[in-house]
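Below is one structure, written out as structure tokens; comments come after it.
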Amino acid sequence: MKYYIMFGPPGAGKGTHAVAIREKYNLCHLSTGELLRAEIAAGTQLGLEAKALIDKGCLVPDEVVEKMIASQFDSVKGVEGFLLDGFPRTLRQAEDLDQILAKRNAQVDGVISLMISDELVKERISHRAAIEGRADDASEETINNRIKTYHAQTEPLIEYYSKQGKYHEVVADAPSIEENRARVLALVETFAE
Ligand code: AMP
């Protein structure tokens, strides 16, 4: 089994381009944000607790997302690997993921990083707010906090995976989705099997 990570700030296009990669390489696309939004929609206790944090632009606790990911690894069948989108987001999650994968005799096979500027993050998210209606896209304060959270807690993963030779970055700032998708797929081809 292969394990790939979609990395990047909010609004970089991780979810959008994950679809193309998933299809090409027969992967299961796992988005922790989507899993959390499903819990919120189902009105579970976990969803209620997560919503309060998500609406503020904060991260939910590491254990919560790690449990969700591990349970998906256990239950999903019929794929050649997983494409993690929005996970890991902290150093602790990255370290724990290494342990979860070691137990499955596996490892992270590559990190696909989509880079855009903070300015473009703001532009893309306000555009998405009108289309998808996500509560955490609608408030400027929440968006600013998500950008801050990304720089403080998630950006250190660039060094973590670079040191392991697993970090692959593409600038995903083209105005058209097709152009960005072509860039992303060309990057993935350089290391994925
Ligand atoms: P996303 O859809 O990836 O933008 O995630 C939406 C929100 O869900 C984030 O702003 C976080 O509050 C929460 N979330 C998603 N993935 C994680 C994660 N790996 N760790 C902690 N919180 C997360």
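Below, all heavy atoms of this structure are taken into account, side chains as well, without hydrogens, waters or symmetry copies. Atoms within a ligand are numbered from 1 in the order they appear, just like the ligands themselves.
- Distances from ligand 1 to the non-hydrogen atoms of L36 include at least one value under 4.0 Å.
- At under 3.5 Å, a nitrogen or oxygen of R37, whether backbone or side chain, sits near a nitrogen or oxygen of ligand 1.
- In the vicinity of Q93, heavy-atom distances shorter than 4.0 Å reach the ligand 1 atoms 18 (C), 19 (N), 20 (N), 21 (C).
- Other residues, nucleotides and ligands contribute at most 12 non-hydrogen atoms within 6.0 Å of the CD atom of E141.
- Ring pair Y3/F73 is perpendicular by interplanar angle, where above 60° counts as perpendicular and below 30° as parallel.
- No N or O atom of D85 sits closer than 3.5 Å to an N or O atom of ligand 1.
- When only modelled atom types and interatomic distance are considered, H29 and D85 share a side-chain donor-acceptor pair under 3.5 Å.
- The shortest N or O to N or O distance between L59 and ligand 1 is not below 3.5 Å.
- Given atom 9 (C) of ligand 1, the protein heavy atom at minimum distance is R89 NH2, 3.8 Å.
- Closest to atom 22 (N) of ligand 1 among all protein heavy atoms lies V60 N, 3.1 Å.
- With values rounded to the nearest 0.5 angstrom, T154 atom OG1 is found 6.0 Å from R89 atom CZ.
- Closest protein heavy atom to atom 11 (C) of ligand 1: C58 O, 3.6 Å.
- Checked by distance only, ligand 1 and I54 stay at 3.5 Å or farther apart across all their nitrogen or oxygen atoms.
- Taking every non-hydrogen atom of R134 and a distance limit under 4.0 Å, the qualifying atoms of ligand 1 come out as 1 (P), 2 (O), 4 (O), 6 (C).
- With rounding to the nearest 0.5 Å, the separation of NZ in K148 from CD1 in I143 is 13.5 Å.
- Taking distance alone, with nitrogen or oxygen atoms compared against 3.5 Å, S31 stays at or beyond that limit from ligand 1.
- Using 4.0 Å as the threshold, K14 has no heavy atom nearer than that to any atom of ligand 1.
- Under the 30°/60° scheme for interplanar angles, the aromatic rings of F7 and Y150 are found to be tilted.
- Below 3.5 Å of separation, one finds no N or O of R128 facing any N or O of ligand 1.
- Polar contact with ligand 1: absent for E34 (N/O pair, distance under 3.5 Å).
- Side chain to side chain, E95 and Q99 fail the donor-acceptor criterion of an N or O pair below 3.5 Å.
- Annotation for ligand 1: atoms under 4.0 Å from non-hydrogen atoms of T32 are 15 (C), 16 (N), 17 (C), 19 (N).
- In this structure, D109 CG and K166 NZ are separated by 7.0 Å, a value rounded to the nearest 0.5 Å.
- Residue D136 has at least one heavy-atom neighbour below 4.0 Å for each of these atoms of ligand 1: 6 (C).
- No path of Ile, Leu, Val, Met, Phe, Trp and Tyr side chains, each step under 4.5 Å between heavy atoms, connects V111 with V170, placing them in separate hydrophobic clusters.
- Side-chain contact between Q72 and M68: absent, with no pair of heavy atoms (C-beta onward) separated by less than 4.5 Å.
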